[in-house]
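Read the structure below first, then the notes.
If you're wondering where the values come from, they're calculated on a predicted model, not measured in any experiment. For reference, positions follow the sequence shown, starting with 1.
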Amino acid sequence: MSQKDFISHLLIECDVMIRYASGQGKTIPSYMPNTVYQLQRKQDVIATDGESVDGGIGFYEHELSELTKCHKELSVLVYPAKPLTLAIMDKESTSVGWIRFLGPVKLVRHMSVLAIFFLLSIIGLSISPEVNQKTINEGLFNSEGKTLLLNQLFLLCCAGLGATFACLHKSRNFIRQCNYDPKFDSTYWSMVIMGFMAGLMIAELIPTADLAQNNHTISDFHKPLAALLGGFSADVIYSVLNRLVDVFNQLLGSSEQKTNEKVKNSVTQADLAEQLHQQNKDLKESMATAQDTNRQLLSLIADELTVSSDKKRILLEQLEHIQNVSQTSTKQVQKKEVNEREVV
């Protein structure tokens with residue numbers, strides 16, 4: 001988009017928002033319409049005479065700043081309506097066509113025509129003697145030829161009617177609030193295609209007859225009703241199928257998961273046993289060292305009378321230190337054993 005087209009786009013949206021806000025009874029600051037309409041007149045003069053300012057298209061920097069400021073404040077004033085939606089609806093309101101009575105939004109007109117087509121097709125196909133209560137419930141595998149084709153077209157029209165009904169109902173709220181965005185048009189058409197698939201799947205591939213066998217009124221028309229509901233709620237059918245796939249994955253992967261858990265638990269228990277064995281070995285070595293030290297001290301005590309007081313004090317300190325070390329190591333080993341038992 002060139003600079004000229006961008007300015008024209010802003011002027012059009014500002015003009016539409018001013019008319020929309022005034023029609024809604026909202027208070028508009030006086031400087032906004034004055035600024036917008038002055039710039040519109042200047043744009044018309046530039047387009048007519050081909051004048052330019054400083055090599056540009058005729059607008060100064062402060063004028064562009066005022067225009068963008070007005071556009072921003074008007075967008076806040078008309079919220080939740082969107083400037084683009086208002087501009088599109090204003091442009092479409094002047095269009096001429098035989099389906100103009102269906103509204104100013106092109107998507108709604110097309111969806112409405114499609115819904116009318118499906119409705120008339122359902123009526124036309126139901127006139128055929130080959131489309132009746134018996135043939136419609138025979139399904140894909142108990143019917144053939146022209147009868148099968150007409151019945152499947154009837155079900156597809158039911159699914160399409162449900163899908164277009166859902167799209168029109170969903171777009172109605174956006175149009176009423178004037179915040180419809182045409183970039184999401186493809187999502188509505190994809191809803192129609194998904195409605196075809198969901199309606200045919202739930203009518204022909206899912207055993208709905210077993211669910212409706214207790215109610216004779218529903219069982220006579222369970223396939224058209226299933227196709228209509230499937231087309232209307234394609235997202236729900238997708239959620240159900242996705243949930244079934246998750247359940248199958250859990251069932252198929254349960255045995256492998258249990259095997260992996262057993263292997264993991266066995267490896268963990270082996271590691272813990274090895275650690276306990278090593279700690280017991282270290283404890284036994286510490287106890288043996290303490291016993292040797294005690295024997296040496298007992299032999300020295302026998303010669304206590306001949307030992308000097310300084311040497312006696314040093315030996316007593318060594319004995320006390322060794323006993324403290326032995327007790328500390330024993331407590332640490334016991335604490336580790338308790339923690340490992342809790343983990344197991």
Tyr79 OH: over 12 foreign heavy atoms closer than 6.0 Å: no

Lys69 atom NZ, over 12 foreign heavy atoms within 6.0 Å: no

Shared hydrophobic cluster, [X] / [Y] (ILVMFWY, side-chain heavy atoms < 4.5 Å):
X	Y	result
Tyr180	Met89	yes
Leu84	Leu10	no
Leu200	Trp189	yes
Phe165	Leu119	no
Leu228	Tyr238	no

Can you tell if the side chain of [X] reaches within under 4.5 Å of the side chain of [Y], non-hydrogen atoms only?
X	Y	result
Ile18	Tyr37	yes
Val105	Ile88	no
Val16	Pro83	no
Val36	His71	no
Ile175	Val108	yes
Pro182	Leu107	no

Closest non-hydrogen atom pair, [X] against [Y]:
X	Y	answer
Glu138	Lys223	C-NZ, 4.1 Å
Gly195	Ala163	CA-CB, 4.0 Å
Leu150	Ser128	CD1-OG, 3.6 Å
Ser22	Ile28	N-CD1, 3.8 Å
Ala21	Val78	CB-CG1, 4.1 Å
Ile127	Ile123	CG1-O, 3.2 Å

Side-chain donor-acceptor contact under 3.5 Å, His62 with Glu66: no

Side chain to side chain contact (heavy atoms under 4.5 Å, CB included) assessment of Leu241 paired with Met201: CA-CA 11 Å; Leu241 295 176; Met201 283 191 296; 4.0 Å; yes

Listed partners of [X] passing side-chain hydrogen bond (donor to acceptor under 3.5 Å, both in side chains), at least two apart:
X	result
Gln24	none
Thr135	Asn132, Asn151
Asn34	none

Summary of ring pair (Phe, Tyr, Trp, His ring centres under 6.0 Å) pairs that have at least one residue in residues 113-136, sequence neighbours excluded: Phe118-Phe196

Check ion pair Lys106-Asp185 (N to O, under 4.0 angstrom): no

Donor-acceptor contact present, side-chain Lys26 to main-chain Leu77, <3.5 Å: yes

Heavy-atom donor-acceptor pair, Asn137 side chain to Gln133 backbone, under 3.5 Å: yes

Mind checking the [atom1]-[atom2] spacing from [X] to [Y]? Nearest 0.5 Å is all I need.
X	Y	atom1	atom2	result
Leu86	Glu13	CG	CD	8.5 Å
Leu114	Leu161	CG	CG	9.5 Å
Ser8	Gln40	OG	CD	9.5 Å
Cys70	Met32	SG	CE	5.5 Å
Phe232	Ile237	CZ	CD1	12.0 Å
Thr147	Ile136	OG1	CD1	11.0 Å

Stepwise side chain to side chain contact (heavy atoms under 4.5 Å, CB included) test for Glu63 and Gln38: CA-CA 10 Å; Glu63 293 175 333; Gln38 286 177 4; over 6 Å; no

Residues that, via side-chain heavy atoms closer than 4.5 angstrom, fall in one hydrophobic cluster with Ile116: Leu120

Evaluation steps, side chain to side chain contact (heavy atoms under 4.5 Å, CB included), between Arg19 and Asp90: CA-CA 10 Å; Arg19 288 188 279 115; Asp90 182 72; 3.2 Å; yes

Leu64, Leu11, Ile7 screened by side chain to side chain contact (heavy atoms under 4.5 Å, CB included) with Leu39, the one that passes: Leu11

Residues which pass side-chain contact (heavy atoms from CB on, under 4.5 Å) with Leu148, listed by chain and number, not counting sequence neighbours: Leu140, Ser143, Gln152

Cys178 vs Lys82, side chain to side chain contact (heavy atoms under 4.5 Å, CB included): CA-CA, chis, key distance, verdict: CA-CA 6 Å; Cys178 294; Lys82 291 184 177 180; over 6 Å; no

